[in-house]
Amino acid sequence: MEKLSADPKFTDIEENLKVIRERVGDAAVRSGRKPEDVHLMAVTKTVAPVYINHALSCGIDLIGENRVQEFLEKEPDLNLEGVSAHLIGHLQTNKVKKIVGKVDVIQSVDSLNLAREISKHAKNAGITQDILVEINAGCEWSKFGFEPAETPERVAEIAEIEAIRVRGLMSVAPICEDKRELLKIFENIYNIFVDIKAKKSDNILMDILSMGMSGDYEEAILSGANLVRVGSAIFGPRIYYDKH
Ligand SMILES: *Cc1c(COP(=O)(O)O)cnc(C)c1O
């Protein structure tokens with residue numbers, strides 16, 4: 001049966017997902033793992049709920065939003081049953097209260113102060129909030145995240161804070177023409193991840209390594225990422241508009 005006047009963007013999303021899933025699976029296998037060992041996140045910032053829901057209907061079960069307000073505005077229109085949502089953008093301490101408990105994981109914890117604020121609101125809500133610790137990929141380009149060298153110590157300190165649980169690390173890599181340079185950056189982060197995991201500390205699960213985006217998810221997977229955050233390769237180029 002032919003679909004009636006379907007939005008052409010639906011077909012694009014389906015085709016993009018097919019290609020990306022294949023590439024993710026291939027990279028997983030090339031890195032000695034199974035396709036299902038790597039979790040594909042659809043990054044949905046600026047994407048309208050109708051398209052997000054279409055991706056969810058195609059089997060996406062993990063979405064990432066950058067901004068608290070945008071997520072909370074779109075959430076009522078999303079079919080999130082059986083779907084995890086993560087916050088992946090920089091989080092200001094004054095927005096923490098609104099998002100704690102509303103997402104499964106806050107990926108972008110980039111200061112002790114932020115971790116303490118999350119803890120405070122998680123405690124008030126009687127929950128444990130899962131988080132990732134953001135690591136600066138080692139370039140001046142990125143403003144956020146801990147320096148690689150200090151990350152193990154900071155992770156240990158954050159793990160001491162109550163009502164939060166460290167699930168792993170997240171990183172945003174610089175846009176890199178040189179793929180070997182990029183692989184080096186990812187591998188460095190992977191090594192830090194493995195070292196922290198090997199210590200088997202309380203309250204540090206280290207089961208998520210979130211790195212890789214539309215332009216570099218294959219390199220990230222080859223370097224050991226098990227969660228990739230892909231936006232524009234699924235939904236097309238983002239159109240930013242200023243609502244104010
Ligand atoms: C926007 C964004 C992504 C996805 O970027 P694409 O290049 O569109 O795949 C991934 N991670 C973070 C933190 C982002 O802000």
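On a predicted model such as this, the values are computed, not experimentally measured, just so you know. Basis for what follows: all heavy atoms, side chains included, without hydrogens, waters or symmetry-related copies.
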Participant: Spell out, as yes or no, whether a donor-acceptor pair under 3.5 Å connects the side chain of Asn191 to the backbone of Asn188.
Facilitator: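 No, the answer is negative, given that no donor and acceptor are paired below the 3.5 Å cut-off.
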Participant: Hey, does Arg229 have a side-chain heavy atom less than 4.5 Å from the side chain of Ile88?
Facilitator: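 A side-chain contact under 4.5 Å exists here.
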Participant: Would you indicate whether the side-chain heavy atoms of Ser84 and Val105 approach each other to under 4.5 Å?
Facilitator: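 They are not in side-chain contact.
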Participant: To the closest 0.5 Å, what do you measure between CD1 (Ile164) and OG1 (Thr128)?
Facilitator: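 If I round to the nearest 0.5 Å, the distance is 9.5 Å.
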Participant: Taking only distance into account, with no hydrogens and no angle test, what donor-acceptor pairs under 3.5 Å do side-chain atoms of residues 108-116 form with protein atoms, sequence neighbours excluded?
Facilitator:
residue: Ser108; atom: OG; partner: Gly89; partner atom: O; Å: 2.5
residue: Asp110; atom: OD2; partner: His90; partner atom: ND1; Å: 2.9
residue: Ser111; atom: OG; partner: Leu114; partner atom: N; Å: 3.0

Participant: Do the side chain of Arg165 and the main chain of Ile131 share a donor and acceptor less than 3.5 angstrom apart?
Facilitator: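 Here the side-chain-to-backbone pair does not exist.
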Participant: Is the shortest heavy-atom distance from the side chain of Lys95 to the side chain of Gln69 under 4.5 Å?
Facilitator: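 In short, these two side chains do not touch, never coming nearer than 4.5 Å.
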Participant: For Glu219, run the salt bridge (Lys or Arg N to Asp or Glu O under 4.0 Å) check against Arg180, Lys179, Arg23 and tell me which one passes.
Facilitator: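 Testing each of Arg180, Lys179, Arg23 against Glu219, the sole residue satisfying salt bridge (Lys or Arg N to Asp or Glu O under 4.0 Å) is Lys179.
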Participant: Which heavy atom in Val38 sits nearest to a heavy atom in Val24, and how many Å separate them?
Facilitator: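 Reported closest heavy-atom pair: CG1-CG1, 3.8 Å.
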Participant: First locate atom CG of Leu40, then atom CG of Leu17, and finally report the distance between them rounded to the nearest 0.5 Å.
Facilitator: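 Nearest 0.5 Å value for the CG-CG distance: 6.5 Å.
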Participant: Can you tell me how far the CZ atom of Phe193 sits from the CD1 atom of Ile208, to the nearest 0.5 Å?
Facilitator: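 The CZ atom of Phe193 sits 8.5 Å away from the CD1 atom of Ile208.
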Participant: Taking a hydrophobic cluster as the set of Ile, Leu, Val, Met, Phe, Trp and Tyr residues connected by side-chain heavy atoms closer than 4.5 Å, whether directly or through intermediates, do Leu183 and Ile221 fall within one such cluster?
Facilitator: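 No; Ile221 is not reachable from Leu183 via cluster members.
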Participant: For Lys98, I'd like to know if atom NZ has over 12 heavy atoms of other residues, nucleotides or ligands within 6.0 Å.
Facilitator: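 No, NZ of Lys98 has 12 or fewer neighbouring heavy atoms, counting only those of other groups under 6.0 Å.
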Participant: Can you measure from CD1 (Ile196) to OG (Ser201) and round to the nearest 0.5 angstrom?
Facilitator: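 Interatomic distance, Ile196 CD1 to Ser201 OG, rounded to 0.5 Å: 8.5 Å.
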Participant: When you look at Ile63 and Leu80, which way does the side-chain contact (heavy atoms from CB on, under 4.5 Å) test go after all the steps?
Facilitator: CA-CA 9 Å; Ile63 63 165; Leu80 289 180; 3.9 Å; yes
Participant: Tell me, yes or no, whether the heavy-atom count around Asp202 atom CG, taken from other residues, nucleotides or ligands under 6.0 Å, exceeds 12.
Facilitator: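 Counting neighbours around CG of Asp202, 12 or fewer heavy atoms of other residues, nucleotides or ligands fall under 6.0 Å, so no.
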Participant: Are Leu227 and Leu222 connected in the hydrophobic side-chain network, where two residues link if heavy atoms are under 4.5 Å apart?
Facilitator: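 No, because Leu227 and Leu222 fall into different hydrophobic clusters, even though each may have its own neighbours under 4.5 Å.
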Participant: Measure the spacing between CG of Leu87 and CD1 of Ile118 and express it to the nearest 0.5 Å.
Facilitator: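 Reported value, rounded in 0.5 Å steps: 8.5 Å.
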Participant: Within the side chain of Glu150, is there an N or O that forms a donor-acceptor pair under 3.5 Å with the backbone of Glu147?
Facilitator: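 Here the side-chain-to-backbone pair exists.
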Participant: Between Gln129 and Ile99, which heavy-atom pair has the shortest distance, and what is it?
Facilitator: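 What the structure gives for the nearest pair is OE1-O, 4.5 Å.
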Participant: Take Asp61 and His39 through the test side-chain contact (heavy atoms from CB on, under 4.5 Å) and record every step on the way to the result.
Facilitator: CA-CA 9 Å; Asp61 64 359; His39 210 154; 2.8 Å; yes
Participant: Within the 4.5 Å heavy-atom criterion, are Ile192 and Pro152 side-chain neighbours or not?
Facilitator: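 Ile192 vs Pro152: side chains touch.
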Participant: Apply side-chain contact (heavy atoms from CB on, under 4.5 Å) to Ile60 and Met41, showing your working.
Facilitator: CA-CA 7 Å; Ile60 287 290; Met41 164 187 280; over 6 Å; no
Participant: Is Ile20 reachable from Phe10 through a run of I, L, V, M, F, W or Y residues, each pair having side-chain heavy atoms under 4.5 Å apart?
Facilitator: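 Result: yes, single cluster for both.
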Participant: Please find the pair of heavy atoms, one from Tyr190 and one from Leu209, that lie closest to each other, and give the distance.
Facilitator: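 Here Tyr190 and Leu209 meet closest at CD1-CD2, 3.7 Å.
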Participant: Please assess Lys74 against Glu65 for the test salt bridge (charged side-chain N to carboxylate O under 4.0 Å, His left out), listing each intermediate value before the final yes or no.
Facilitator: CA-CA 10 Å; Lys74 292 195 296 199; Glu65 275 282 349; 2.7 Å; yes
Participant: State whether Lys97 and Glu117 are salt-bridged, where the test is any N-O pair (Lys NZ or Arg NE/NH1/NH2 against Asp/Glu carboxylate O) under 4.0 Å.
Facilitator: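 Looking at Lys97 and Glu117, the cut-off is not met.
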Participant: Please walk me through it: do Lys102 and Leu72 pass side-chain contact (heavy atoms from CB on, under 4.5 Å)?
Facilitator: CA-CA 9 Å; Lys102 296 275 171 46; Leu72 296 178; 4.3 Å; yes
Participant: Take a 6.0 Å sphere around CD of Glu36 and say whether it holds more than 12 heavy atoms from other residues, nucleotides or ligands.
Facilitator: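 Check passes, neighbour count above 12.
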Participant: Using a 3.5 Å distance criterion without hydrogens, assess whether the side chain of Thr151 forms a donor-acceptor pair with backbone atoms of Ile135.
Facilitator: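 Flag not set: sc Thr151 to bb Ile135 has no pair under 3.5 Å.
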Participant: Quick one: closest heavy-atom pair of Asn203 and Ala159, and the distance?
Facilitator: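 Looking at all heavy atoms of both residues, the shortest contact is ND2-O, 2.8 Å.
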Participant: Hey, quick one: are Val19 and Val228 part of the same hydrophobic cluster, counting side-chain heavy atoms closer than 4.5 Å, chains of contacts allowed?
Facilitator: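 Different hydrophobic clusters.
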Participant: Verify side-chain hydrogen bond (donor to acceptor under 3.5 Å, both in side chains) between Ser210 and Gln107, making sure each step is shown before the conclusion.
Facilitator: CA-CA 8 Å; Ser210 167; Gln107 291 207 358; 2.8 Å; yes
Participant: Please answer whether the main-chain N or O of Asp12 pairs with a side-chain N or O of Asn16 as donor and acceptor at a distance below 3.5 Å.
Facilitator: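 Yes; judged by distance alone, with no hydrogens or angles, the pair exists.
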Participant: Tell me whether Glu70 is salt-bridged to Lys45, with the criterion being a basic N under 4.0 Å from an acidic carboxylate O.
Facilitator: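 Salt bridge flag = no for Lys45 with Glu70.
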Participant: Run the salt-bridge test on Lys184 and Glu187 with the 4.0 Å N-O cut-off and return the result as yes or no.
Facilitator: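 Answer for the salt bridge query: no.
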Participant: Test of understanding: with side-chain contact (heavy atoms from CB on, under 4.5 Å), list the residues that count as partners of Glu22, not counting sequence neighbours.
Facilitator: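 With sequence neighbours excluded, Glu22 shows a side-chain contact (heavy atoms from CB on, under 4.5 Å) to Lys18, given in chain and number order.
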Participant: Given side chains that start at C-beta, do those of Lys197 and Leu205 come closer than 4.5 Å, heavy atoms only?
Facilitator: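 The answer is no; the side chains never approach within 4.5 Å.
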Participant: Would you say that Val166 contacts Ile158 through its side chain, given a criterion of any heavy-atom pair below 4.5 Å between the two side chains?
Facilitator: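 Yes. Closest side-chain heavy atoms under 4.5 Å.
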Participant: Can you tell if the side chain of Ser214 reaches within under 4.5 Å of the side chain of Ser232, non-hydrogen atoms only?
Facilitator: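 Result yes, sub-4.5 Å side-chain heavy-atom pair found.
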Participant: Give a yes or no on whether the backbone of Gly25 and the side-chain of Asp37 come within a donor-acceptor separation of less than 3.5 Å.
Facilitator: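 Such a contact is absent between Asp37 side chain and Gly25 backbone.
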Participant: May I ask you to say whether Lys9 pairs ionically with Asp7, meaning some side-chain N is under 4.0 Å from a carboxylate O?
Facilitator: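 Result for this pair is no, no salt bridge flagged.
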Participant: Looking at every non-hydrogen atom in both residues, tell me the closest pair between His86 and Asp104 and how far apart they are.
Facilitator: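 Smallest interatomic distance, heavy atoms only, reads CD2-CB, 4.2 Å.
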Participant: Would one find more than 12 heavy atoms of other residues, nucleotides or ligands at under 6.0 Å from atom CZ of Arg30?
Facilitator: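 Not more than 12 within 6.0 Å, no.
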Participant: To the nearest 0.5 Å, tell me how far Phe186 CZ sits from Glu181 CD.
Facilitator: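 Atom-to-atom, Phe186:CZ and Glu181:CD are 12.0 Å apart.
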Participant: State, yes or no, whether a side-chain contact exists between Met211 and Val172 at a heavy-atom distance under 4.5 Å.
Facilitator: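 Not touching, per the 4.5 Å side-chain cut-off.
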Participant: Between Asn226 (side chain only) and Asp207 (backbone N and O only), is there a donor and an acceptor less than 3.5 Å apart?
Facilitator: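 At least one qualifying donor-acceptor pair exists.
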Participant: For the hydrophobic clusters of this structure (ILVMFWY residues joined by side-chain heavy atoms under 4.5 Å, transitively), does one cluster hold both Ile127 and Val68?
Facilitator: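 Yes.
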Participant: For Val230 versus Ile234, what's the shortest heavy-atom pair and its separation?
Facilitator: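 That would be O-CD1, 3.4 Å.
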